[in-house]
Amino acid sequence: MNNRSKKTTGLVQMSLFTAIIIIMAMVPGLGYIPLGVIRATIIHVPVIIGALVLGPKKGAILGGIFGLTSLINNTFAPTVTSFVFSPFYTMGEIHGGVKSLIICFVPRILIGIVAYYVYKLVRKVMKNSKHSMVTALAISGVIGSLTNTLLVMNLIYLFFGESYAAVKEIAYEALYGTILVVIGTNGIPEAIVSAILVTAIGRVFLKSRIRN
């Protein structure tokens with residue numbers, strides 16, 4: 001494949017992953033799954049697969065697009081905790097700001113970067129194993145997903161702890177326990193689903209790239 005063909009293929013694939021992220025974000029209940037005052041998500045899956053196929057830089061861009069969809073959703077279809085993701089949403093006297101943008105974008109940008117290098121590391125460590133690709137895909141799916149969950153929830157605690165506890169109607173002292181429950185009940189299932197989907201879909205894309 002010559003350089004022009006590679007660039008064209010890369011552009012088409014980038015457009016495909018971008019479109020998937022936008023569709024998942026905009027179709028109700030598809031990418032953002034409402035669970036009371038919070039939303040679970042699987043939009044990190046195309047970000048991870050895109051990073052593995054296209055590299056960490058484009059993976060970071062896809063993560064930024066994920067963050068942008070989160071900003072839009074939390075601005076125009078907010079829940080009571082949307083101020084942690086959008087500086088444009090206010091809940092009574094509680095409002096977001098620059099810290100909201102950090103929570104909204106930084107963890108999502110890091111998803112693809114972290115997943116890519118985890119994948120490469122596992123492939124390197126298991127280079128003599130015929131199962132190295134499957135194992136690396138599954139692990140990168142889990143780690144990429146947890147990168148999002150752990151960073152988002154811990155940054156919420158760090159930047160908006162008291163405000164978040166107030167709208168959730170819990171004592172601030174009990175907040176981190178609640179965050180751990182969210183990580184366990186939402187983050188772990190999201191990571192498992194991510195491992196399955198990244199392994200199944202990523203394998204097809206990567207084998208196709210190797211053949212080409």
Side-chain angles (χ1 to χ4, degrees), residues 17 20-21 24-25 29-52 56 59-74 78-86 96 99-119 121-122 136-161 163-165 167-168 170 174-202:
F17 287 116
I20 291 171
I21 290 169
M24 291 179 71
L30 182 58
Y32 291 105
I33 304 167
L35 299 174
V37 297
I38 60 174
R39 294 185 179 102
T41 183
I42 56 170
I43 301 181
H44 52 270
V45 172
V47 175
I48 295 168
I49 297 173
L52 300 184
I61 294 171
L62 291 171
I65 294 169
F66 174 14
L68 180 61
T69 67
S70 178
L71 175 64
I72 292 170
N73 268 284
N74 282 283
T79 67
V80 293
T81 58
S82 285
F83 64 90
V84 303
F85 296 110
S86 173
K99 293 176 181 178
S100 306
L101 295 177
I102 293 173
I103 296 173
C104 194
F105 284 96
V106 173
R108 281 65 188 271
I109 290 171
L110 289 175
I111 291 171
I113 298 172
V114 172
Y116 176 86
Y117 287 108
V118 167
Y119 176 82
L121 177 62
V122 175
L137 284 168
I139 293 174
S140 63
V142 170
I143 299 301
S145 178
L146 289 177
T147 296
N148 179 54
T149 302
L150 294 176
L151 282 177
V152 166
M153 296 310 299
N154 280 283
L155 286 174
I156 288 173
Y157 180 77
L158 178 64
F159 292 156
F160 294 104
S163 299
Y164 193 78
V167 299
K168 296 276 284 184
I170 58 175
L175 176 59
Y176 203 74
T178 301
I179 285 175
L180 290 176
V181 170
V182 171
I183 291 171
T185 57
N186 289 355
I188 300 303
E190 284 178 1
I192 293 171
V193 170
S194 177
I196 295 169
L197 294 177
V198 169
T199 301
I201 302 170

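In what follows, every heavy atom counts, from backbone to side chain, and hydrogens, waters and symmetry copies are set aside. Start at 1 with the first residue, then count along the sequence.
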Would you give the length of the straight line joining atom CZ of Arg108 to atom OG1 of Thr41, rounded to the nearest 0.5 angstrom? 7.0 Å

Run the side-chain hydrogen bond (donor to acceptor under 3.5 Å, both in side chains) test against Tyr116 and tell me which residues pass, sequence neighbours left out. none

Who pairs with Ser140 by side-chain hydrogen bond (donor to acceptor under 3.5 Å, both in side chains), at least two apart in sequence or on another chain? none

Go through the steps to decide whether Leu137 and Val122 satisfy the test side-chain contact (heavy atoms from CB on, under 4.5 Å), and finish with yes or no. CA-CA 9 Å; Leu137 284 168; Val122 175; over 6 Å; no

Which atom names give the shortest non-hydrogen contact between Phe66 and His44, and what distance separates them? CE2-N, 4.0 Å

Heavy-atom closest pair, residues Ile102 and Pro107: O-CD, 3.3 Å

Any Phe160 side-chain heavy atom under 4.5 Å of Thr81 side chain: no

Just verifying a value: how many Å separate Ile201 CD1 and Ile49 CD1, rounded to the nearest 0.5 Å? 4.5 Å

Could you measure the distance from the CD1 atom of Ile156 to the CG atom of Leu175? Nearest 0.5 Å is fine. 9.0 Å

Can a donor-acceptor pair be found, under 3.5 Å and without considering hydrogens, that links the side chain of Thr69 to the backbone of Ala25? no

Give me the atom names and distance for the closest heavy-atom approach of Phe85 to Leu71. O-CD1, 3.6 Å

Could you tell me the separation between the OG1 atom of Thr149 and the CG atom of Asn154, rounded to the nearest 0.5 Å? 10.5 Å

Nearest non-hydrogen partners of Ile48 and Gly141, listed with the distance: CD1-O, 3.8 Å

Tell me every residue that passes side-chain hydrogen bond (donor to acceptor under 3.5 Å, both in side chains) with Ser194, counting only those two or more places apart in sequence or in another chain. none

Got a second to check how far Ile43's CD1 is from Ser145's OG, nearest 0.5 Å? 12.0 Å

Of the non-hydrogen atoms in Ile42 and Met24, which two are nearest, and what is the gap between them? CG1-CE, 3.5 Å

Taking atom types as modelled and ignoring hydrogens, do the side chains of Ser86 and Asn74 form a donor-acceptor contact shorter than 3.5 angstrom? no

Tell me every residue that passes side chain to side chain contact (heavy atoms under 4.5 Å, CB included) with Ile72, counting only those two or more places apart in sequence or in another chain. Met26, Leu68, Phe76

Considering non-hydrogen atoms only, spot the tightest contact between Tyr117 and Pro56 and give its length. OH-CG, 3.8 Å

With side-chain contact (heavy atoms from CB on, under 4.5 Å) as the criterion, how do Val167 and Phe83 come out once you've worked through the C-alpha distance, each side chain's angles and the decisive distance to 0.1 Å? CA-CA 10 Å; Val167 299; Phe83 64 90; 3.9 Å; yes

The complete set of ring-ring contact (aromatic ring centres under 6.0 Å, His included) pairs with one or both residues in residues 174-200, sequence neighbours excluded, reads Tyr157-Tyr176

Straight-line distance of Ile109 CD1 to Thr147 OG1, nearest 0.5 Å: 13.0 Å

Checking Ile61 now: which residues fulfil side chain to side chain contact (heavy atoms under 4.5 Å, CB included) with it, not counting sequence neighbours? Met14, Ile65

